[in-house]
Each structure stands twice: as C-alpha cells, then as structure tokens.
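Notes for the one structure printed next.
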Amino acid sequence: MLRAAGKRLLGVGLRPAGGGAGEAAAAAAVAVVRRRGYHERVVDHYDNPRNVGTFDKDDPDVGTGLVGAPACGDVMKLQIRVDEESGRIVDACFKTFGCGSAIASSSVASEWVKGKQMEDAASIKNSEIAKHLSLPPVKLHCSMLAEDAIKAAVKDYEAKKAKLDKGNE
C-alpha cells in the first residue's frame with residue numbers, strides 16, 4: 001500500500017485520464033518530488049530496486065539480517081549467499097518495508113556487498129551509503145539500517161558456520 005502511494009506521489013504508473021493533461025500532471029508530480037530533496041539516485045533505486053527477493057534462510061551458505069526502526073516503522077531484510085571456500089559474497093537480495101530512502105539504501109547495500117569478502121562487506125559504513133544517495137539528515141536512519149542489516153547477515157552466516165563446524169567435530 002505504501003509502495004503504491006509512493007508510486008502515485010512519484011507519478012509512476014499514472015494513466016492519463018484524457019490524453020496529454022495526465023502526462024503533464026505525472027511530470028509535474030515527479031518534479032515536485034525532486035524539488036523536495038530526493039536525489040536522483042534515491043529515485044532510481046526506488047523505481048528500479050536491485051536484487052529484490054529472498055533466499056532460503058535454512059541454506060547453510062546464506063546469512064540473513066533482519067533489522068527494524070520502531071520509530072519510523074522501516075523493516076529491512078538483507079540476505080547474502082557466501083562461497084564457503086573463498087569467503088566471498090557471491091549474491092545478495094533484500095526485502096524492505098519502508099520509505100523510498102530505506103528501499104534505496106537496501107538496494108545500494110545489496111549491490112555493494114556482492115563480490116566482497118565478508119570482512120570488507122561488514123566494514124561498509126552508513127555514511128558511505130548516505131553520501132552515495134545524498135540522503136538528507138532526517139533520512140540518515142535508513143542508511144544506518146542498511147549498515148546494521150549487512151552486519152546482521154554476516155553475523156548470522158558466521159553463527160551458522162560455527163554451529164555446522166561444531167556439529168561436524
């Protein structure tokens with residue numbers, strides 16, 4: 001429901017009621033949103049989120065980070081698939097319930113962790129995500145959630161591996 005409202009606000013998917021007037025209204029709505037301070041990268045990642053989806057959380061090669069911000073209602077789930085031999089993150093996906101900045105932060109995080117060693121992924125800072133997206137101060141908590149989700153996914157994967165290793169002894 002929030003996503004549909006956001007798309008209406010952004011003018012995505014608006015059908016012209018009588019021709020050119022509807023298209024002009026959609027273009028005006030997009031212009032208003034951009035004037036309100038959302039950087040084009042946020043709009044791009046919101047309109048075209050990368051790596052949306054889920055992996056099987058019981059897969060031993062998958063780490064799942066589920067984090068939330070009770071103050072604003074954003075909930076973010078980031079999952080990583082790790083190559084056991086190299087320790088490299090080979091794939092990532094996310095599902096986020098929240099504002100456009102939260103969705104964009106999740107999308108960026110899922111792109112950035114791919115191909116990285118887990119230690120390198122865990123060192124991604126919220127300030128880097130916020131700077132890349134040009135988030136305003138009121139939306140910095142979204143990039144903090146993304147950083148927390150990365151760390152939680154890495155921690156979950158490491159806990160699974162430790163449990164499996166202990167069981168194999």
Side-chain angles (χ1 to χ4, degrees), residues 1-10 12-13 38-84 86-165 167:
M1 188 162 104
L2 287 176
R3 186 144 176 101
K7 287 194 181 271
R8 279 195 305 275
L9 180 64
L10 290 172
V12 176
Y38 282 102
H39 191 273
E40 64 188 37
R41 286 192 196 109
V42 174
V43 175
D44 178 43
H45 278 275
Y46 176 77
D47 284 343
N48 308 297
R50 283 62 146 186
N51 309 308
V52 175
T54 58
F55 298 135
D56 178 7
K57 65 180 172 74
D58 295 325
D59 183 334
D61 293 333
V62 171
T64 302
L66 182 63
V67 296
C72 67
D74 293 342
V75 178
M76 196 176 285
K77 178 172 81 170
L78 179 77
Q79 292 181 297
I80 55 173
R81 184 180 306 281
V82 181
D83 177 52
E84 186 176 357
S86 67
R88 187 171 299 281
I89 298 171
V90 294
D91 204 0
C93 63
F94 78 93
K95 281 199 172 179
T96 295
F97 178 80
C99 66
S101 297
I103 292 168
S105 295
S106 303
S107 179
V108 167
S110 71
E111 282 191 312
W112 285 8
V113 298
K114 283 185 178 183
K116 288 195 180 336
Q117 292 291 332
M118 287 197 308
E119 308 83 48
D120 296 335
S123 70
I124 293 173
K125 299 289 179 213
N126 70 294
S127 56
E128 296 166 348
I129 295 170
K131 183 177 180 181
H132 177 74
L133 293 172
S134 300
L135 293 178
V138 72
K139 293 294 184 178
L140 290 180
H141 67 280
C142 298
S143 62
M144 291 177 199
L145 277 179
E147 178 185 344
D148 293 345
I150 294 168
K151 286 180 170 48
V154 167
K155 185 176 178 181
D156 180 61
Y157 173 80
E158 290 172 343
K160 278 184 183 178
K161 282 298 162 200
K163 188 176 180 180
L164 283 175
D165 292 343

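Given the structure is predicted, the values throughout are model-derived calculations rather than measurements.
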(request) Taking all non-hydrogen atoms of both residues into account, name the closest pair between Gly100 and Val42 and its distance. (result) O-CG1, 4.1 Å
(message) Any salt bridge linking Arg81 with Asp56? Criterion: basic side-chain nitrogen under 4.0 Å from a carboxylate oxygen.
(response) no
(request) In sequence, state the C-alpha distance, the side-chain angles, and the governing distance for Cys99 and Cys142, and then conclude on side-chain contact (heavy atoms from CB on, under 4.5 Å). (result) CA-CA 9 Å; Cys99 66; Cys142 298; 3.6 Å; yes
(message) Between Asp120 and Arg88, does any NZ, NE, NH1 or NH2 come within less than 4.0 Å of an OD or OE carboxylate oxygen?
(response) no
(request) Give, for atom CD1 of Ile150 and atom OG of Ser106, the distance between the pair rounded to the nearest 0.5 Å. (result) 9.5 Å
(message) To check you understand the geometry: which heavy-atom pair defines the closest contact between Val113 and Ala121, and what is its length?
(response) CG1-CB, 3.9 Å
(message) Can you tell me if Glu111 has over 12 outside heavy atoms packed within less than 6.0 Å of its CD?
(response) yes
(request) Check whether any side-chain heavy atom of Ile80 lies under 4.5 Å from a side-chain heavy atom of Val154, and answer yes or no. (result) yes
(request) Compare every heavy atom of Asp74 with every heavy atom of Ala102, then report the nearest pair and how far apart it is. (result) CB-OD2, 3.6 Å
(request) Check the pair Asp61 / Lys161 against salt bridge (charged side-chain N to carboxylate O under 4.0 Å, His left out), numbers first and verdict last. (result) CA-CA 8 Å; Asp61 293 333; Lys161 282 298 162 200; 3.7 Å; yes
(message) What's the separation between atom CE in Met118 and atom OH in Tyr157, rounded to the nearest 0.5 Å?
(response) 5.5 Å
(request) Can you establish whether the number of heavy atoms outside Lys95 located under 6.0 Å from its atom NZ is more than 12? (result) no
(message) Quick check against the 3.5 Å criterion: does Lys160 have a side-chain atom that pairs as donor or acceptor with the backbone of Asp59?
(response) yes
(request) Supply the atom-to-atom distance Ser123 OG to Glu147 CD, rounded to the nearest 0.5 angstrom. (result) 9.5 Å
(request) Nearest 0.5 Å please: distance from the CG atom of Leu145 over to the CD1 atom of Ile129. (result) 10.0 Å
(message) Do Met76 and Phe97 have side chains that approach each other closer than 4.5 Å (heavy atoms only, starting at C-beta)?
(response) no
(request) Indicate yes or no: at least one non-hydrogen side-chain atom of His45 is less than 4.5 angstrom from one of Ile103. (result) no
(message) Could you check whether any side-chain N or O of Ser107 sits under 3.5 Å from a backbone N or O of Arg50, counting only pairs where one atom can act as donor and the other as acceptor?
(response) yes
(message) Less than 3.5 Å apart, any donor N or O on the side chain of Asp83 or Ser86 sitting next to an acceptor on the other?
(response) yes
(message) Taking Phe55's backbone N and O only, do any of them form a donor-acceptor pair with Gln79's side chain (distance below 3.5 Å, no angle check)?
(response) yes
(request) Look up atom NZ in Lys151 and atom CG in Asp156, then write down how far apart they are to the nearest 0.5 Å. (result) 15.5 Å
(message) Side chains of Ser110 and Cys93, heavy atoms from C-beta outward: is any pair under 4.5 Å?
(response) no
(message) For Leu164 versus Pro60, what's the shortest heavy-atom pair and its separation?
(response) CD1-CB, 3.5 Å
(message) Is it the case that over 12 heavy atoms from other parts of the model lie below 6.0 angstrom from the NZ atom of Lys155?
(response) no
(message) With heavy-atom distances below 4.5 Å as the criterion, would you say the side chains of Thr96 and Val75 are in contact?
(response) no
(message) So Ile124 and Lys116, do their side chains get closer than 4.5 Å, heavy atoms only?
(response) yes
(request) Mind checking the CG-OG spacing from Leu78 to Ser105? Nearest 0.5 Å is all I need. (result) 11.5 Å
(message) Is there a side-chain contact between His132 and Val108 in this structure, where contact means two heavy atoms from C-beta onward sitting under 4.5 Å apart?
(response) yes
